[in-house]
Amino acid sequence: EIDYVLLSEGTWDFELLAYIGSAVYKAEENNLDIKTGTNTVKFTLALQDIGTGSGCIKYTLYYPVASESGRTTVESVLYTITDYETRKIVKSESNLTRNTGYDAEHGDYCYVECDESISAGKYIIKFNLYSDSVATKLINSYEEAVNVISGNVESIGSHWIDKLNDNEQ
């Protein structure tokens, strides 16, 4: 729950998307004048038709460069996008480009990104992290449900994996 957001003075447009199960709700407030001090924006959510067009999934998974012991590193990453209703894989990608960075809270880290245009609907995105280049030694996985709305709307998300498993599965 967000109680407040800090904004500078000016005229603002707001859009709120909310997901409850597979339902998507949307509200818009446009051309609101924000003044110094406390301002209140009220939204009335309306159920949205996911539609039959396409949208986009943009998802970033962050993970440590190595396990705490230093014995295990991620050598390959695979993601799959599965239709929530039919459980059929609609997209998979392996050998993702791994990027690196540094964060004060997490230290050295790597990340991979999914950026896919896909038909509107509800999906499960799953990332598998492997300690070998041929993707046979699974060390971590993460999955999340994602709603994709038609009209070139981006469904954006991210997740941090704080620790890598030292024991491959």
Once you round to the nearest 0.5 Å, how far does [atom1] of [X] lie from [atom2] of [Y]?
| X | Y | atom1 | atom2 | answer |
| --- | --- | --- | --- | --- |
| Lys91 | Ile57 | NZ | CD1 | 11.0 Å |
| Glu29 | Trp12 | CD | CH2 | 15.0 Å |
| Tyr63 | Asn140 | OH | CG | 10.5 Å |
| Leu7 | Phe14 | CG | CZ | 5.0 Å |

> By salt bridge (charged side-chain N to carboxylate O under 4.0 Å, His left out), which residues pair with Lys42, not counting sequence neighbours?
Replying inline: none
> Residues in salt bridge (charged side-chain N to carboxylate O under 4.0 Å, His left out) with Glu28, at least two apart?
Replying inline: Lys26
Do [X] and [Y] sit in the same hydrophobic cluster, where Ile, Leu, Val, Met, Phe, Trp and Tyr count as joined when their side-chain heavy atoms come under 4.5 Å apart?
| X | Y | value |
| --- | --- | --- |
| Val65 | Leu61 | no |
| Leu138 | Val134 | no |
| Leu78 | Ile89 | no |

Who passes side-chain hydrogen bond (donor to acceptor under 3.5 Å, both in side chains) against [X], sequence neighbours left out?
| X | result |
| --- | --- |
| Tyr109 | none |
| Asp162 | none |
| Glu75 | Thr73 |
| Ser141 | none |

Partner residues of [X] under the side-chain contact (heavy atoms from CB on, under 4.5 Å) criterion, sequence neighbours left out:
| X | result |
| --- | --- |
| Thr86 | Asp83, Lys88 |
| Leu45 | Leu16, Ala18, Tyr25, Ala27 |
| Glu9 | Thr36 |
| Thr11 | Asn31, Asp33 |

> What heavy-atom pair brings Lys122 and Asn147 nearest, and what distance separates the two atoms?
Replying inline: CG-OD1, 3.5 Å
>> How close do Thr72 and Ser131 get, counting heavy atoms only, and between which atoms?
In response: CG2-CB, 4.2 Å
> Residues two or more places apart in sequence or in another chain: which of them pass ring pair (Phe, Tyr, Trp, His ring centres under 6.0 Å) with Phe43?
Replying inline: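 In terms of ring pair (Phe, Tyr, Trp, His ring centres under 6.0 Å), with neighbours along the sequence ignored, Phe43 is linked to no residue.
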>> Tell me if a side-chain donor or acceptor on Asn39 pairs with a main-chain N or O of Ile34 at a distance below 3.5 Å.
In response: no
Taking only distance into account, with no hydrogens and no angle test, what donor-acceptor pairs under 3.5 Å do side-chain atoms of residues 123-130 form with protein atoms, sequence neighbours excluded?
unit_1 : atom_1 : unit_2 : atom_2 : d
Tyr123 : OH     : Ser119 : O      : 2.7
Asn128 : ND2    : Tyr130 : OH     : 3.4

